[in-house]
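This one's a predicted model, so the numbers in the text were calculated from it and none came from an experiment. Keep in mind that the numbers below use all heavy atoms, side chains included, and drop hydrogens, waters and symmetry copies. Order of the sequence lines fixes the chain letters, A, B, ..., with proteins taken first and strands second; residue numbering starts at 1 for each chain.
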Amino acid sequence: MSMRTLPLVFINLGGEMLYILDQRLRAHNTSEDNSEKVMNDIVGTMFSKAFMDELLKPQQLYSHRTMKTVLTRLAHASIMRLNPASMDRLYELMVMAFKYQVFLCLRPKDLLLISYNHMDTIREFVKDTPMAVNQVDETHRKIIETYSSFTEGELQLLRQTLLTFFQDMHVRVSLFLKDQIQNPNGRFALTTSGPVPHGTDVPGLIRIFDCRGREVRRREFPSGGSYTSSIREGSFELHGNRVIRLGMNMYTVDHPEETHTSRAPSVKVITYGSPNPLAKEELNLLARLMGSMKTENEPKDESGFRINLFNTDKEEEEAWVFFFSIFIPCCYINRNFLIKAFLSCFTEERQVVLRKEEKPENPSNNKGEELLAMMDDL
Amino acid sequence: MYHKEKSIQIKNSASALYNNLSVLRIAPRRLTHFTVVHANMVNMVSASWDGLNYTHRQLQSKEPNVATSTSLIMQAAFCVLPSRDLLVVTSQKGIQMYESDGSIMVYWHALDTPETATGSVCPRDIYLSLSHSIGVSSGAILVFDVPSKGSNITLSEVLEEHKESITDMASECSGSQECIANLVTADDGGNLCVWKSGEEFQLLNKIPGFDMSCSSVKLWKGTAVAGYGTGQIRLYEAVTGILHAEINAHARWIYSVDIAPFSGLLLSAAEDSLVRVWHMTITPETNSVEVAHLHNECVTDTQICGAKFCDGDGYAFAVTGYDLSEIIRYIQS
């Protein structure tokens with residue numbers, strides 16, 4: 001599978017994270033100063049040379065747990081503090097949005113246009129801070145340099161690696177349900193109409209040739225869809241019209257409920273752990289990525305502000321449950337006892353969902369446990 | 001022409017990989033094996049023909065007796081050899097060969113990273129392929145000698161002709177006639193190589209691609225039928241490279257093509273959620289080829305990743321899709 005997924009994963013997931021944070025900060029009437037500072041700090045860390053250089057090294061794509069940990073750290077590079085439940089919800093939204101974009105893009109090369117759409121919007125967010133804009137531009141140049149030589153086949157392999165990463169995630173997002181790009185069962189809608197990808201012909205034609213290469217016969221067949229010719233190709237340069245809309249900011253200020261997520265009742269809930277949770281290679285990657293993030297922005301607690309991103313009553317309840325069932329360090333408290341106690345407060349259906357979310361206990365080395373505990377304190 | 005039959009549920013969903021469905025029909029025992037790859041696991045289902053019994057098995061790719069982390073699998077395919085059938089699983093770490101019911105692993109071939117094994121197919125000997133998993137690719141093809149029993153499998157030859165990752169391979173040797181070409185290999189650049197097996201393999205022809213990946217290829221009556229990322233299917237006369245037919249078949253990347261050799265039916269499936277059935281008439285003596293479209297099936301909201309006929313006449317076919325935990329079956333009405 002592809003060893004070049006990480007930069008695109010972070011740019012796109014990070015981009016989605018910034019879109020959501022931007023929308024939620026506005027919805028909470030956060031001050032202009034605070035909002036701007038949050039965006040600048042996160043963008044500055046995410047697009048820092050050290051961090052990007054780490055990502056650009058050829059390596060495997062690891063588990064959701066590692067991704068979530070690094071993204072949490074990125075979010076906390078700002079003065080904002082998210083509780084674990086908010087982070088969970090945020091991560092689900094980010095991943096489902098990116099899954100939608102990867103699933104629906106017409107051809108593998110569009111993955112780059114999606115990434116560029118994210119970077120264009122991020123540039124807009126920090127346009128008043130020249131240093132941050134420079135960082136985004138530098139990163140954009142490196143991405144263009146790295147990926148523009150990829151063949152369609154290599155980009156498709158990259159896309160398939162991403163699809164494996166997103167496999168079995170069917171979290172319903174109210175914005176997607178409302179726009180009918182997602183079905184009630186959590187799966188995305190795939191139409192058999194619309195423009196074909198750049199480089200593909202509209203299906204429906206059979207051509208027969210003779211030995212000299214001359215066409216001797218042509219016949220049409222019903223395509224079972226209503227396809228139109230491809231639209232013009234977007235720009236792969238530093239600036240330009242990307243043409244496709246995937247990767248652009250879907251969240252507006254006026255609809256706070258759009259970030260509501262829910263699990264489809266009959267759908268299996270994904271577990272975030274990999275078969276060997278935090279295997280040695282992953283711990284190494286985690287350590288390198290964390291190490292490459294600037295720590296100068298470490299705020300004193302008094303100047304930071306806490307934000308509960310998703311604060312409907314139901315979500316509060318879920319938030320507490322998630323918090324207690326997953327994030328209490330396992331070294332010191334009998335986790336199973338705690339989980340049983342809380343589960344007994346909920347309906348059976350809810351219990352089933354929660355049980356499935358428990359990651360398997362890994363009776364592995366203490367170093368792993370310590371790192372977990374450290375992450376939990378983020 | 002076809003109608004949907006009862007689906008077979010599998011333990012995990014199918015991953016988005018080319019040709020992600022393999023079917024082996026075992027007539028004496030009146031059952032059919034199906035394999036579908038999910039990330040680092042192969043889901044195997046054996047279905048009895050009366051539809052009453054389904055046995056499930058899961059195989060993981062890892063070195064025997066080594067408890068290292070498992071690696072992602074690229075393909076699992078049945079190989080029908082003259083005296084035995086094998087299940088070959090190719091992954092980032094190496095190549096594994098099992099007895100066809102998945103019960104015993106008979107061979108493990110480790111690969112030096114960063115090479116990844118990709119395709120496999122065949123009657124005669126086993127032809128496997130190697131490719132780098134990063135930009136630079138080797139495109140080498142490994143040829144193994146397989147004894148009629150036991151695990152004394154040996155690597156006999158390495159064919160190096162492709163410059164890009166191998167995506168699929170196909171072979172044929174129709175009964176009485178001595179075939180001229182009996183192996184075609186396809187790569188990520190859309191190039192096809194045509195070989196003749198023997199004491200040593202001989203390269204007969206190279207058909208260039210146009211930098212558009214060929215994800216699936218089959219060989220029938222000396223004609224290579226190839227599906228491409230542009231959604232096109234092309235029929236080439238293998239030995240000469242003459243293009244006989246070109247079909248603008250799908251609106252998205254093709255993931256699988258299959259042929260029912262006794263009837264000349266062709267099956268194609270793509271990310272556009274459509275499966276199409278065609279009929280080919282090929283007369284090698286007169287060099288004439290005819291292709292007719294017969295049927296479409298739409299698997300709603302699903303990017304199809306595997307489609308295979310379940311028998312040599314094309315009476316039934318099965319389909320898998322990304323994120324789908326079932327094998328969908330269709331039968332002729």
Given that the side chain runs from C-beta out, which part of [X] has a heavy atom under 4.5 Å from chain B: side chain, backbone, both or neither?
{"X": "A/N183", "value": "side chain"}
{"X": "A/F165", "value": "neither"}
{"X": "A/F188", "value": "backbone"}
{"X": "A/S223", "value": "both"}

[X] versus chain A, heavy atoms under 4.5 Å apart: side chain, backbone, both or neither?
{"X": "B/Q232", "answer": "side chain"}
{"X": "B/L274", "answer": "side chain"}
{"X": "B/H250", "answer": "backbone"}
{"X": "B/T300", "answer": "neither"}
{"X": "B/T230", "answer": "both"}
{"X": "B/A14", "answer": "backbone"}
{"X": "B/F210", "answer": "neither"}
{"X": "B/Y228", "answer": "neither"}
{"X": "B/E271", "answer": "both"}

Contact leader toward chain A among [options], where contacts are heavy-atom pairs under 4.5 Å:
{"options": "B/V289, B/T240, B/N296, B/I233", "value": "B/N296"}
{"options": "B/S273, B/S288, B/A251, B/A249", "value": "B/A251"}
{"options": "B/E297, B/E290, B/M212", "value": "B/E290"}

Keeping B/K4 on the side-chain end and B/Y330 on the backbone end, is there a donor-acceptor pair under 3.5 Å?
no
Can you tell me if A/S2 uses its side chain to pair, donor with acceptor, with the backbone of A/R4 under 3.5 Å?
yes
I'd like to check A/F10 versus A/M67 (side-chain heavy atoms, cut-off strictly below 4.5 Å). Are they in contact?
yes
For the residue pair B/Y18 and B/Y255, categorise the inter-ring angle as parallel (less than 30°), tilted (30 to 60°) or perpendicular (more than 60°).
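If you compare the ring of B/Y18 with that of B/Y255, the planes turn out perpendicular.
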Does the distance from a Lys or Arg side-chain N to an Asp or Glu carboxylate O, for B/K163 and B/D187, drop under 4.0 Å?
no
Which is it for A/F98 and A/L162 under the side-chain contact (heavy atoms from CB on, under 4.5 Å) test, yes or no, and what are the steps along the way?
CA-CA 9 Å; A/F98 191 28; A/L162 292 175; 4.0 Å; yes
Interface residue of largest heavy-atom contact number with chain B, from A/C211, A/G199, A/G224, under 4.5 Å
A/C211
Before you tell me yes or no, could you show the steps for B/Y236 and B/I242 under side-chain contact (heavy atoms from CB on, under 4.5 Å), namely the whole-Å CA-CA distance, both residues' side-chain angles and the distance that decides it to 0.1 Å?
CA-CA 5 Å; B/Y236 288 99; B/I242 293 173; over 6 Å; no
Heavy-atom count check: over 12 atoms from other residues, nucleotides or ligands less than 6.0 Å from A/R141 CZ?
yes
